[in-house]
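Below is one structure, written out as structure tokens; comments come after it.
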Amino acid sequence: MKEENFSFRKRAKSFGYAFNGIATLLRDEHNSRIHVAAMAAVVILGFILGITNIEWCIVALCCGGVLMAEAMNSAVEAIADLVSPEYHPLIKKAKDVGAAGVLMMAIAAAAAGLIIFLPKIIYLI
């Protein structure tokens, strides 16, 4: 296999494709917009409650993980719809497992959020 030479232009194009993917995700996938709204609320709450740097890292990783899971699920669904527009049990399985991945990441992020924010909220009350 021939190795390609490094090219800044090709690297820049690859970032362009990635940003296009983010725009497509936010434009076409309703759940991604719900996740982003929840993330905005979490960030605002983080500033209000003064979470620590480590807690910010956890929040950032959880937010990124949820969006990444949503993006991967959307990619699986798009490919599945192209390959098999009609119902097929294996396509259903792929879509269900992809959706489960998003749900599992969202539950983990919510758990981390409760661990970080709930004691601070209780302290204020």
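No hydrogens, no waters, no symmetry mates; every other heavy atom, side chains included, goes into these values.
The local environment of CD1 in I54 is sparse, with at most 12 non-hydrogen atoms from other residues, nucleotides or ligands closer than 6.0 Å. Counting non-hydrogen atoms of other residues, nucleotides and ligands closer than 6.0 Å to OH of Y87 gives a total above 12. Within 6.0 Å of CZ on F6 lie more than 12 heavy atoms contributed by other residues, nucleotides or ligands. The number of heavy atoms from other shown groups lying within 6.0 Å of CZ (R11) is above 12.
Side-chain atoms of S84 do not come within 3.5 Å of backbone N or O of I91 as any donor-acceptor pair. The backbone N or O of V102 lies less than 3.5 Å from no partner atom in the side chain of N73, so there is not a single donor-acceptor pair.
With rounding to the nearest 0.5 angstrom, the NE2 atom of H30 is 13.0 Å from the NE2 atom of H35. We find the CE-CG distance between M68 and L61 to be 11.0 Å, quoted to the nearest 0.5 Å. Atom CG of residue N31 and atom CG of residue L67 lie 11.5 Å apart, to the nearest 0.5 angstrom. Distance CG/L118 to CG/L49: 10.5 Å, rounded to 0.5 Å.
Follow the hydrophobic side-chain contacts under 4.5 Å out from I79 and you never reach L82; the two are in separate clusters. Transitive grouping of hydrophobic side chains (ILVMFWY, heavy atoms separated by less than 4.5 Å) keeps V36 and V42 in distinct clusters. Linking Ile, Leu, Val, Met, Phe, Trp and Tyr residues whenever their side-chain heavy atoms come within less than 4.5 Å leaves M72 and F19 in two separate clusters.
When side chains are defined from C-beta on, D81 does not count as touching P85, because their heavy atoms never get closer than 4.5 Å. Put simply, the side chain of W56 reaches to within 4.5 Å of the side chain of V43, judged on heavy atoms. Between V66 and M39 the shortest side-chain heavy-atom distance falls below 4.5 Å. For the pair V97/V76, no side-chain contact is recorded, criterion being any heavy-atom separation below 4.5 Å from C-beta on.
Exactly one of N53, I116, I115, I51 qualifies for a side-chain contact (heavy atoms from CB on, under 4.5 Å) with I58. That residue is I116.
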Next item on the list: For the pair E29 and T24, evaluate side-chain contact (heavy atoms from CB on, under 4.5 Å) and give the outcome as yes or no after the intermediate values.
Entry: CA-CA 8 Å; E29 301 299 328; T24 300; over 6 Å; no
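Looking at every heavy atom in both residues, K95 comes nearest to A80 through CE-CB, 4.0 Å.
Residues T52 and E55 bring a donor and an acceptor atom of their side chains to less than 3.5 Å of each other.
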